[in-house]
Amino acid sequence: MDRLETRELDYFIAVAEELHFGRAAERLGIAQPPLSRAISRLERRMGVRLLERTSRRVALTEAGAVFLADSRALLESLEAAVRRARRAQQPGRLVMAVRPGTASGLVADLIHSSEVGAHDVFFTFDRPAALRDGRADIALLCLGTDDLTGLVTADLTEETPFALVPRGHPLAGRPSVTVADLGRDPNFALECPPLGLDEIIDRVVLGRLVTVVGSGAAARISPDVAAVPVSDLPPTRLALAWTAAASRPAVTAFVHAARTAEARRTSASRPRAS
């Protein structure tokens, strides 16, 4: 069969999502009869019935449901490719996605490092999605918790887990705590909620939240919050990640420079022998 056009996919997706030719036509800004003919033509070309039509309803067939998922993925991949191609016009510049509050000191050092160069940073809770849809070229991800499917990764550093509790909390003066200790507080949430660091700190101060964050976020707490090491949780491994489609010399150079900057940063933070 002839190669499908993106317009045909747009038409099918609109009908499949609306399950109504009139609403789909209005959404697309075209008349209903040409839309109906286009879908019928698409089914003939594919040799597959995608929609069941009656005078009262439109429904996806099993084949239509499969084609809908693949059509969405195809268009998303195309849009991601366009974003990456546009940014490639600036060969040395990358866009980096970071979770709010994660390794903020490291990120600042990277961005201001002369070896790393000038790059753009934006904050998002779904960094893997930002990589896959082309909004970001590279991201700082957590190994073991973030979805790394289809991504290339390079280990960078680790963050020690700290519990955030109000300054007057019974655990605030402890040298360390365990998850069991924290679990006795009804406001404890082991998974840090997807909120900005400022809002998380506000909730802790107000006694509405006790949670665990990495050492990068713990270093930015307010005087009204205590950060206590959690002894029975392992450090969180942080890695730089990117898609194979985004691989280019600028990514390789960034990873190398980031590792160099982190090694220098770690060395500088170690106490010197007297």
Side-chain angles (χ1 to χ4, degrees), residues 1-90 93-100 120-139 141 145-152 193-196 241-248 251:
M1 60 175 287
D2 296 335
R3 185 171 297 177
L4 296 179
E5 298 179 1
T6 57
R7 181 180 61 181
E8 293 175 294
L9 299 183
D10 286 332
Y11 284 3
F12 170 70
I13 290 172
V15 175
E17 290 179 346
E18 299 292 344
L19 293 178
H20 189 282
F21 276 87
R23 290 195 299 268
E26 183 177 354
R27 167 174 153 183
L28 293 165
I30 63 175
Q32 182 174 334
L35 175 60
S36 181
R37 290 194 296 270
I39 296 300
S40 296
R41 185 166 56 249
L42 175 62
E43 290 177 318
R44 288 196 301 272
R45 289 175 62 197
M46 293 178 60
V48 173
R49 181 170 290 281
L50 302 172
L51 299 166
E52 293 290 351
R53 310 168 182 77
T54 69
S55 58
R56 295 186 176 182
R57 62 189 291 269
V58 176
L60 281 170
T61 64
E62 185 174 348
V66 170
F67 190 60
L68 174 60
D70 287 341
S71 296
R72 286 170 172 158
L74 281 169
L75 290 182
E76 288 169 2
S77 295
L78 179 59
E79 290 171 0
V82 170
R83 292 189 185 107
R84 285 191 289 265
R86 286 172 175 164
R87 279 203 304 278
Q89 292 183 102
Q90 298 177 297
R93 197 172 191 90
L94 299 175
V95 173
M96 183 179 182
V98 179
R99 180 187 172 98
D120 299 319
V121 176
F122 77 94
F123 296 95
T124 174
F125 291 101
D126 197 348
R127 284 93 60 228
L131 292 175
R132 295 185 181 104
D133 67 19
R135 286 177 293 150
D137 301 296
I138 198 161
L141 301 185
T145 55
D146 285 319
D147 179 11
L148 305 179
T149 306
L151 300 178
V152 184
L195 304 169
W242 62 97
T243 65
S247 295
R248 51 191 173 103
V251 171

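Along the sequence shown, residues carry numbers from 1. Keep in mind that what you see is a predicted model, and the values were worked out from it rather than measured.
- The salt bridge (charged side-chain N to carboxylate O under 4.0 Å, His left out) contacts involving residues 48-63 comprise E43-R53, where partners must be two or more places apart or lie in separate chains.
- Remark: V66 pairs with D70 by the side chain to side chain contact (heavy atoms under 4.5 Å, CB included) rule, at least two apart or across chains.
- Sequence neighbours left out, not one pair with a member in residues 33-42 passes side chain to side chain donor-acceptor pair (under 3.5 Å).
- Within the structure, ring-ring contact (aromatic ring centres under 6.0 Å, His included) pairs that include any residue of residues 29-65 do not occur (at least two apart or interchain).
- The shortest side-chain heavy-atom distance between L151 and L141 falls under the 4.5 Å cut-off.
- Within the structure, every pair that satisfies the ring-ring contact (aromatic ring centres under 6.0 Å, His included) test and touches residues 38-76, not counting sequence neighbours, is listed here: F12-F67.
- Residues meeting the side chain to side chain contact (heavy atoms under 4.5 Å, CB included) test with A81, sequence neighbours left out: none.
- Scanning for salt bridge (Lys or Arg N to Asp or Glu O under 4.0 Å) contacts around D133 gives R135, with sequence neighbours left out.
- For the ring-ring contact (aromatic ring centres under 6.0 Å, His included) condition, no pair includes a residue of residues 13-45, sequence neighbours left out.
- By the side chain to side chain donor-acceptor pair (under 3.5 Å) test, D147 is found to be paired with T149, residues two or more places apart in sequence or in another chain being considered.
- Of the charged side-chain nitrogens involved, none lies within less than 4.0 Å of a carboxylate oxygen, so that E76 and R132 do not count as a salt-bridged pair.
- At a threshold of 4.5 Å between non-hydrogen side-chain atoms, the residues L28 and L35 count as touching.
- Under the rule for a side chain to side chain donor-acceptor pair (under 3.5 Å), the partners of E17 that lie at least two apart in sequence or sit in another chain are R27, R72.
- Considering only residues two or more places apart in sequence or on other chains, E26 meets the side chain to side chain contact (heavy atoms under 4.5 Å, CB included) condition with none of them.
- By the side chain to side chain contact (heavy atoms under 4.5 Å, CB included) test, L195 is found to be paired with P193, E199, I200, R203, residues two or more places apart in sequence or in another chain being considered.
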